[in-house]
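I have placed the structure first, in the form of structure tokens, so that the comments after it can refer back to it.
Sequence lines set the chain letters: A, B, ... in the order given, protein chains first and strands last, and positions in each chain run from 1.
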4 protein chains.
Amino acid sequence: MLEELKKQVYEANMELPRRGLITYTWGNVSGIDRETGYFVIKPSGVDYDKLTPDDMVVMDLEGNKIEGRYKPSSDTPTHLELYKKYPEIGGVVHTHSPEATSWAQAGRSIPLYGTTHADYFYGEIPCARVLTQEEIDEGYETNTGMVIIETFEERGLNPMHTPGVLCKNHGPFTWGKDAAEAVHNAVVLEEVAKMATRTELINPKVQPAPDRIRDKHFYRKHGANAYYGQN
Amino acid sequence: MLEELKKQVYEANMELPRRGLITYTWGNVSGIDRETGYFVIKPSGVDYDKLTPDDMVVMDLEGNKIEGRYKPSSDTPTHLELYKKYPEIGGVVHTHSPEATSWAQAGRSIPLYGTTHADYFYGEIPCARVLTQEEIDEGYETNTGMVIIETFEERGLNPMHTPGVLCKNHGPFTWGKDAAEAVHNAVVLEEVAKMATRTELINPKVQPAPDRIRDKHFYRKHGANAYYGQN
Amino acid sequence: MLEELKKQVYEANMELPRRGLITYTWGNVSGIDRETGYFVIKPSGVDYDKLTPDDMVVMDLEGNKIEGRYKPSSDTPTHLELYKKYPEIGGVVHTHSPEATSWAQAGRSIPLYGTTHADYFYGEIPCARVLTQEEIDEGYETNTGMVIIETFEERGLNPMHTPGVLCKNHGPFTWGKDAAEAVHNAVVLEEVAKMATRTELINPKVQPAPDRIRDKHFYRKHGANAYYGQN
Amino acid sequence: MLEELKKQVYEANMELPRRGLITYTWGNVSGIDRETGYFVIKPSGVDYDKLTPDDMVVMDLEGNKIEGRYKPSSDTPTHLELYKKYPEIGGVVHTHSPEATSWAQAGRSIPLYGTTHADYFYGEIPCARVLTQEEIDEGYETNTGMVIIETFEERGLNPMHTPGVLCKNHGPFTWGKDAAEAVHNAVVLEEVAKMATRTELINPKVQPAPDRIRDKHFYRKHGANAYYGQN
């Protein structure tokens, strides 16, 4: 079932250690098949070097396991909420990558300081608030998704223009049109976070880049007038 | 004698350079067999690439060498004190891993800033005081163990919920149910230390994560109600 | 056509990931043949592990594509302006290497703090201003080149003595007598930027190195009285 | 001639890129044969991956080349002064390793913050002053050695207890009983420098470690009462 998607999601998961985004099993990637409404996700706490495509777990959008010998990632309900809310999203990633997680722990959104950021994220990368005791008790992982959505709603953000978020005191989630692009955005976020920290050390009074630089670079790569790449 | 344990302890020692936790011979791992009361530890100052399982030294809890051609690690008496005091501990690690050692040199406990920390350490990672002249003269390595124990006693810490410590002006010790878990916790400590430094650079006024986040994440992975992983 | 130059430019491009200067496709190298006035540049947005020498694009100094199945790098007009203005330049590189880009994002020139810097750059590495809306609209990449030139003109800099620049909110460009030397200078700039950041953390009141150190080291390696190396 | 020493010095030079201490050709190692009074040093500006033991240059202590097809390292006169002044020294290293060089650029001696430092350096690692114009004109590399010696004389330092120095606005020199130990000390210095920077970021008011910790750790590894290692 969904063999091709399982393979893609497996490959996207294996990219996390290759790119230095995770230590041990601290990450997970999923991908969705919008026709069936099923999504495929990494099992919980299984070593990366023992994973195979067949170990991926198939879930439906009600949170039922459809197929798989393992329990799915404990963060599965967060992925699920994002898939339900945002039909444009085809893949979701969670990591504890150190540079992005440090911003999450610091409780700050990452300002747009340059074109590396603007090539992928149209504006600051938001930091979502921490959950209340009630939200934790009621369903920690589901409500993590809900608070991400709340953040995007309140700030009027388009998730395809801001394909990632920091969860306060926790770490980053990113997404994309498929699992591979979601991982790509996780790599970018880590690099952008690293440079933002250094930027502020070098110039503690630095201001975000002008909007015209953000607009130029984002739309050079995205949308109808894009001219970066071969298409 | 204790061939299986020697192999485990050897493997745990070899994990230190693989994980980037040590330079040259600046680290040691031990593991204990609670039935015989013997523990196995790396020899002192031998290059990692020349070590074999047979080079591991067998000690008893009085500090007598039971077997082995080499002198044991100079830090052996510290390991011994921890094994004597805490019967739950099956493995102990000491390194000079740079991020954790920087906190030890700075003389600060590592605040709990996020879920990466809370997944393994229930609260701050304590920094134990420096030894007095008398303690150094009387038995430096033994008293290093005693001061770690004093720190845990005074602060009412459960060593299985806080499986590591920073020794001021020195470096970290970690432990676990066996040698492999002790090394795992040394890797986690290094990553947590790295992120804590960055967190404070990004937000010099940052506060520790709320207790409810600490409780949720620690007990998601530990204890009767844990649901992370496949068990 | 220009097979040897294509090979050199290809090799210089491949050096970028080997030296850790780029993530994904965030960089480009070109080299020029001054006899024909044609330059060779990496195609836009093609994965490094799929590139071959034959994929390099041949351009003239009016910006016409002379040969190549791909579109050239979107930064081609910046390279072109530098080649037109400075006949001594034989190769140009653009990257988003993190340490140098952090200085560009911070909007600061890199002070000359030591001999590593002075061995290659005779004085601070300038940070060029951000483009105006008009300049962006009129031709972003061309005007990026023009603002680099403006910076060198206004500050009276010799581009062969200062073989690189930071573009504010963007990243570095470097150059040299050929593509390989331009990449060499990109590696040096990244290392110099990394050390400058640390230098200021260690001593927030640090002053630039004395001019006599700059002069000694630069002219030990460059010009008629150089005595470094085998020539 | 001195084939065994050439091989040792070659191996010690090759250890520099393996340990991440150098970029391109920014480093050099020498070793001396005290019987003949000849020392062997890397040639100037030759790529590490092209070096062979036979490329090492043999020099006498008057600065005459005794054997070798290449010019010796431009820093040869600095090595020479150290060998002449300190008969205990058997090997010398110069690098631009980034963490130590950042301290040199900052113009600060590295305080002794912990046992990693004290295991190798008995007290702070001194930063020598910058040369005067006259000293540069008269003989830059020779006088670099003289200023190192002046620093040790004025501060009453034993070069075997403080086997390294930072040259202001330049970088580190280290030494040891032979070329291999000199490189070992260069690796330690880089690690110690990295941790000292982080230590001060974590606690800007940090004080050096107590003298009793310095004494205990230094003499645990050095001198008549040493008990670290297998001897």
Checklist entry - Can you list every pair that meets ring-ring contact (aromatic ring centres under 6.0 Å, His included) and has a residue in residues 195-215 of chain C, with sequence neighbours left out? => result none
Next on the checklist: Looking at chain C, which one of D:Pro98, D:Pro43, D:Gly45 has the largest number of heavy-atom pairs inside 4.5 Å, strictly under?
Outcome noted: D:Pro98
Next on the checklist: Is C:Val188 close to chain D through its backbone or its side chain, or both, or neither, when contacts mean heavy atoms under 4.5 Å?
Outcome noted: both
If the cut-off is 3.5 angstrom, what donor-acceptor pairs do you find between chain C and chain D?
unit_1, atom_1, unit_2, atom_2, d
C:Tyr113, O, D:Asn169, ND2, 3.0
C:Thr115, N, D:Asn169, O, 2.9
C:Thr115, OG1, D:His170, ND1, 2.6
C:Thr116, OG1, D:His96, ND1, 2.8
C:Tyr120, OH, D:Trp26, NE1, 3.0
C:Met195, O, D:Ser102, OG, 3.4
C:Arg198, NE, D:Glu99, OE2, 3.2
C:Thr199, OG1, D:Gln105, NE2, 2.9
C:Ile202, O, D:Arg108, NH1, 2.9
C:Asn203, ND2, D:Ala106, O, 2.9
C:Arg212, NE, D:Leu131, O, 2.6
C:Arg212, NH2, D:Leu131, O, 2.8
C:His217, NE2, D:Tyr140, OH, 2.6
C:Arg220, NH1, D:Asp75, OD1, 3.4
C:Arg220, NH1, D:Glu141, OE2, 2.8
C:Tyr227, O, D:Lys71, NZ, 3.1
C:Tyr227, OH, D:Glu141, OE1, 3.4
C:Tyr227, OH, D:Glu141, OE2, 2.6
C:Tyr228, OH, D:Thr25, OG1, 2.8
C:Gly229, N, D:Ser44, OG, 2.7
C:Gly229, O, D:Lys71, NZ, 3.0
C:Gln230, OE1, D:Lys71, N, 2.9
C:Gln230, NE2, D:Ser44, O, 2.9
C:Gln230, NE2, D:Lys71, O, 3.1

Checklist outcome for this item: salt bridge (charged side-chain N to carboxylate O under 4.0 Å, His left out) pairs touching residues 87-96 of chain C, sequence neighbours excluded, are none
Item to check | For chain D, the option from C:Val206, C:Leu201, C:Ile213, C:Val187 that forms the most heavy-atom pairs under 4.5 Å | outcome: C:Val187
